[in-house]
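What follows is a short report on a single structure.
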Amino acid sequence: MKYNPGEIEKKWQAYWEKNKTNKTEDFSEKQKYYCLDMFPYPSGVGLHVGHFKGYVATDIVARVKRMQGFEVLHPIGWDAFGLPAENFAIKTGIHPEITTEKNIENIKHQMKIAGLSYDWDREINTTDSDYYKWTQWIFLKLYEKGLAYKKLLPINWCPSCKTGLANEEVVDGKCERCGAETTKKDIEQWILKITAYADRLLEDLETLDWPDRIKEMQKNWIGRSEGWEIDFGIKDTGKTVTVFTTRADTLFGCTYIVLAPESDIVTDLKDKISNWEEVSGYIEKTKNKSDLERISEVKGKNGVELKGVKAINPINGKEVRVFAADYVLASYGTGAVMAVPAHDERDFEFAIKYDLPIIEVVRPRSGESDISESAYVQDGFLINSDTFSDMDSESARKAIGESLKDEGFARERVNYKLHDWPFSRQRYWGEPIPIIHCDKCGMVPLEEKDLPLTLPHVDKYEPTGTGESPLAAIETWVNVKCPKCGGMAKRETNTMPQWAGSCWYYLRYLDNNNDKSLVNSEKEKRWMPVDLYVGGAEHAVLHLLYSRFWHKFLYDIGVVSTKEPFQKLRNIGLVLAHDGQKMSKSKGNVISPDSVVDEFGADTLRVYEMFMGPFDQAIGWNEQGVKGVNRFLGRAWDMVIQSESVAESSSEMISETNKLIKKVSDDLEKMKFNTPIAFFMEYVNFVYENKNDFGKDSAEIFVKLLFPFAPHICEELWQLLGEKGLISEQEWPVCNEALVKNDKIVLVVQVNGKVRDRMEFDSDIDQERAEEAVKNSEVIAKWIGGKEIKKVVFAKGKLINIVV
RNA sequence: GCCGCGGUGCUGGAAUCGGCAGACAGGACGGACUUAAAAUCCGUUGGGCCUAGCCCGUGUGGGUUCAAUUCCCACCCGCGGCACCA
């Protein structure tokens, strides 16, 4: 009988589906394990082999955990709101609902032919009104707690998608989606107060088993810095300008202050500014620059002095000049900085350009600094700083800050790079925001009983570009009675961004049909947190930050019982095309899993994706490698079939089999998938050399171990071996150390650290006897050559090194 | 510029509580089977030389050690992220 994947895979997929083999019980005696994939966007082109690398890995973990006696939750769903379906609708007039449904069908089929063991009864779809009812519910709670507010703000605007974007969605000054250059636009926006959670988002990173890289990225993105707010009085006005600094120790070196051109502080001082025309011209110029222009002008500082305005340094009462310059950002800190050219590179550059004084106030304790050449930005000890001279930078920061605080000129302050999250989009295909605007009552949230607020059908999907979504054109929908006063009112027409539905979807799998609450709290306590979360690294500061924020909020209002949603996170390395390029439709180098399944079978696809290399590394697809894996599975098939003619395994074979159990189990625990497959291959090679030693007892164990990787072939072999029940229901083998033969070992013999021989001994040999034997060996005697032995190093069971 | 990760044969990679570098796979070459091809099976495959043997070899240079791909220092290169954040 030959290995025929096409036949057996169909057979077992049908069987598993019909018998709901992979169904998860909500509550059982078993320990829980929640194994989650980042759910896909159901795009029209379907999934490629890169997506499956992640799905196969979690599927292997899920199957192993089931065999190890865990109750495993391994669900999947669809993150189906988003631009591609909407853009397709604009072009063709076909409603996104229809395209989405079709695409889901296709992807579901792809997943099923790959033998992924999802519990399909828990499928969710973010565009179902039963689902987004709860997305809207969370929004209302955020609103209720003051964490969602509407504000007129200059936000990132994509002129091509005609919608506002969050900072996280702008990459290099371009729209993350379409690549168009973004501009700033003043729009009234819904904003979520993610900054209220900045500290907790930062601190709790420590508790997570996530890749360093992702933690680091979130840390940088949150960008916490501790410092002082210091008030500079403006001479003859009674007004003050507050600056933020992390370097209060350099305050004596401040020779001017700089304001962000677009900040209100500048216009506030208009009366005092003698060159207002020049200044306002500079402000206008800055405002009209795109993000991209501003980024590209990073080098080459320029600005304008506010003539007639002088600020007073509160530490020494000295008058300093005041500038406006676009290297100071209105959106960070107070929008104003104290400039210390001797100890800040940017201030140094600016001071050189405008010929401003440079006063040195910090010197290194050891080494040299030359502030006529460049700024010295590190810590050191203070000079030219009155009574603070001679102090270390660190203590001086505190001392100077405290002394100003006592006089009412300074406050301790923590700043973040993280900004609040602009949450409204001027597009159609998203969750409607459940708010009504009434002239009399202002903003009125819908009541929970009125949810879901369903997305109405429209005739035109085209975004308006005016800051309103296409929903604004549907008068029957927009015009409503105010729930409070009964007067005429209008619905909010903006929709939620892509990320909304994915912020909490992992909770809905626990209880996907609940129409009373978001999730039953018993179920939530049973299953949270997610034990393993697998997905691409591209979501490092988007989905992963947003959903942590929502989760913490849900924790605060008592919906969830854990502080963090995803305990352990692992990233998938990209699957590249054969040439090392990224797979893309335009390059025509995309490999679809369907074609691989068609030609070689799902088990080959699965094992190859895992065998390619380390899971988190980007590696190119290699058709020959796929064939190699297929060859291996064929050999394994024949090997197991042949085992029936052998009565029982030899003790050596049993030993090898137990070693295999140990190695495969250990590596899987470490999320290593490529090395277990290498062990399987070695094992198969060994069996081929010792065919008469390989009996059914060993074959059973081999098949169990391989099952999570290649479920179809193993289920079939299990049956062919005449075993009862499904292999899916078997227990994971445990290594019996007693059966592992290790009475003989090969000792590496070195002379002066170089390998000269290998000798076989009993495994418990001690140094004395080994030394004796080694000295008597001809090969080694030759190397020692009568020289004096200085030292003998003995590593038990491994190596002996004679130093002469 | 700053932060993070990495650099091993022709290729993907294996081996890091310091202890046989190159497991496993692919490719290439040689052979068996075949009328032939595919498939399958077997063998060889880091470089060099005075070829039963020895020397060199894990980005580069140095260090620690009986022993370094593994630890330390400096540097080079690649990838990813952030980027006027005061």
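Only a predicted model underlies this, so the values are computations on that prediction, with no experimental measurement involved. Below, chain A is the first sequence line, B the second, and so on; all start at residue 1.
Contacts of A:Pro614 with the nucleic acid, taken as non-hydrogen atoms under 4.0 Å apart, involve only primed sugar atoms and P, OP1 or OP2. Among the heavy atoms of the strands lying under 4.0 Å from A:Val803 are primed sugar atoms or P, OP1, OP2 only; no base atom is included. Counting any heavy atom pair closer than 4.0 Å across all strands shown, A:Lys672 reaches sugar-phosphate atoms only and no base atom. Heavy atoms of A:Ile619 sit under 4.0 angstrom from primed sugar atoms or phosphate atoms, though from no base atom. At a threshold of 4.0 angstrom between heavy atoms, the contacts of A:Gly628 are confined to the sugar-phosphate backbone, with no base atom among them. The residue A:Arg213 sits close only to the backbone: its heavy atoms come under 4.0 Å of sugar-phosphate atoms, none of a base. The residue A:Val755 sits close only to the backbone: its heavy atoms come under 4.0 Å of sugar-phosphate atoms, none of a base. Note on A:Phe611: a base of the nucleic acid sits closer than 4.0 angstrom, heavy atoms only. Among the heavy atoms of the strands, none lies under 4.0 Å from A:Asp347.
A cation-pi contact links A:Lys301 to A:Tyr327, judged by a cut-off of 6.0 Å to the six-membered ring centre and 45° from its axis. No cation-pi contact links A:Arg548 to A:Trp499, judged by a cut-off of 6.0 Å to the six-membered ring centre and 45° from its axis.
Nucleotides B:rC3 and B:rU65 place their C1' atoms 33 Å apart, quoted to the nearest Å. The P atoms of B:rA52 and B:rC75 are separated by 47 Å, rounded to the nearest whole Å. For the P atom pair drawn from B:rA74 and B:rU16, the interatomic distance equals 27 Å after rounding to whole Å. The P atoms of B:rG59 and B:rC55 are separated by 22 Å, rounded to the nearest whole Å. B:rA28 and B:rC77 have their P atoms separated by 36 Å, given to the nearest Å. Taking atom C1' in both B:rU60 and B:rC66, one finds a spacing of 26 Å when rounded to whole Å. Rounded to whole Å, the C1' atom of B:rC29 lies 35 Å from the corresponding atom of B:rA68. Spacing of C1' atoms, B:rG12 relative to B:rC76, comes out at 25 Å, to the nearest Å.
Shortest non-hydrogen contact noted between A:Phe679 and A:Asp667 is CE1-OD2, 3.4 Å. The minimum heavy-atom distance between A:Arg606 and A:Pro708, with the atom names listed, is NH2-O, 2.9 Å.
For A:Ala795, the side-chain atoms get nearest to B:rG19 when compared with the rest of B:rA25, B:rG19, B:rG13. In the set B:rA86, B:rC20, B:rC41, B:rC41 carries the atom at the smallest distance from any side-chain atom of A:Arg635. Listed nucleotides: B:rA86, B:rC24, B:rG26. Nearest to the side chain of A:Asn622: B:rG26. Nearest to the side chain of A:Glu682, among B:rC24, B:rG13, B:rA15, sits B:rC24. Relative to the side chain of A:Leu329, the nucleotides B:rG19, B:rG27, B:rA86 differ in distance, and B:rA86 lies closest. Closest to the side chain of A:Ser225, from the set B:rG27, B:rA86, B:rG4, is B:rA86. Of the candidate nucleotides B:rU40, B:rC3, B:rC66, B:rC66 has the atom nearest to the side chain of A:Val793. Across B:rC84, B:rG26, B:rA83, the shortest atom-to-atom separation from the side chain of A:Tyr327 is found for B:rC84. Minimum atom distance to the side chain of A:Asn685 is reached by B:rC24, of the listed B:rC24, B:rC3, B:rC5.
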Nucleotide N/O to protein N/O under 3.5 Å, stretch nucleotides 67-72 of chain B:
none

Check the interface with nucleotides 28-34 of chain B: list each N/O to N/O pair with the protein under 3.5 Å, or write none.
none

Can you check nucleotides 51-55 of chain B for protein contacts, nitrogen or oxygen pairs under 3.5 Å, and list what you find?
{"unit_1": "B:rC55", "atom_1": "OP1", "unit_2": "A:Arg756", "atom_2": "NH2", "d": "3.4"}
{"unit_1": "B:rC55", "atom_1": "OP2", "unit_2": "A:Arg756", "atom_2": "NH1", "d": "3.2"}

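Expressed to the nearest 0.5 Å, how far NE2 of A:His578 lies from CG of A:Asn622 amounts to 6.0 Å.
Counted by atom type alone, A:Asn302 and A:Tyr282 present one or more donor-acceptor pairs between their side chains at under 3.5 Å. With no hydrogens or angles considered, a side-chain donor-acceptor pair links A:Asp420 and A:Thr195 at under 3.5 Å. Residues A:Ser393 and A:Asp249 have side chains that bring a donor and an acceptor to within less than 3.5 angstrom of each other.
Proximity of the aromatic rings of A:Tyr608 and A:Phe600 is defined here by a centroid distance below 6.0 angstrom, and this criterion is not met. Ring centroid separation for the pair A:Phe244 and A:Trp228 does not come in under the 6.0 Å cut-off. Ring centroids of A:Phe350 and A:Phe323 are separated by less than 6.0 Å, placing the two rings close together.
Taking 4.0 Å as the cut-off between side-chain N and carboxylate O, A:Lys659 and A:Glu656 count as a salt-bridged pair. Using a 4.0 Å cut-off between charged nitrogen and carboxylate oxygen, A:Glu609 and A:Lys53 do not count as a salt-bridge pair.
Between the CG atom of A:Asn571 and the P atom of B:rG81 there is a distance of 12 Å, given to the nearest Å. Computed from coordinates, the A:Trp621 CH2 to B:rG13 P distance equals 15 Å when rounded to whole Å. The distance from atom CG of A:Asp212 to atom P of B:rC79 is 22 Å, rounded to the nearest whole Å. Between the P atom of B:rG6 and the CD atom of A:Gln617 lies a distance of 10 Å, rounded to the nearest Å. Straight-line distance from the CD atom of A:Gln581 to the P atom of B:rC79: 13 Å, rounded to whole Å. For the pair A:Met612 CE and B:rA14 P, the computed distance is 13 Å after rounding to whole Å. The CD1-P distance, from A:Ile214 to B:rC3, rounds to 19 Å in whole Å. Between A:Phe686 atom CZ and B:rA23 atom C1' the separation is 16 Å, expressed in whole Å.
Across all strands shown, B:rC5 forms a Watson-Crick or G-U wobble pair with B:rG78, both key distances being under 3.5 Å.
Remark: of the listed residues A:Phe680, A:Phe694, A:Phe709, A:Phe686, A:Phe680 is the sole one forming a ring-ring contact (aromatic ring centres under 6.0 Å, His included) with A:Phe702. Just one residue in the list A:Val803, A:Ile800, A:Ile780, A:Ile789 forms a side chain to side chain contact (heavy atoms under 4.5 Å, CB included) with A:Val751, and that residue is A:Ile780.
Nearer to the 5' terminus of RNA chain B, by closest-nucleotide assignment, is the contact made by A:Met217 (compared with the other of A:Met217 and A:Gly335). Each of A:Glu345 and A:Lys791 was matched to the nucleotide of RNA chain B holding its nearest heavy atom; the match closer to the 5' end belongs to A:Glu345.
Glycosidic conformation at B:rG4 (O4'-C1'-N9-C4 for purines, O4'-C1'-N1-C2 for pyrimidines): anti, more than 90° from 0.
Side-chain to base pairing of A:Lys301 with B:rC84: one donor and one acceptor N or O lie within less than 3.5 Å of each other.
Considering only heavy atoms from C-beta on, A:Val266 comes within 4.5 Å of A:Ile283 through its side chain.
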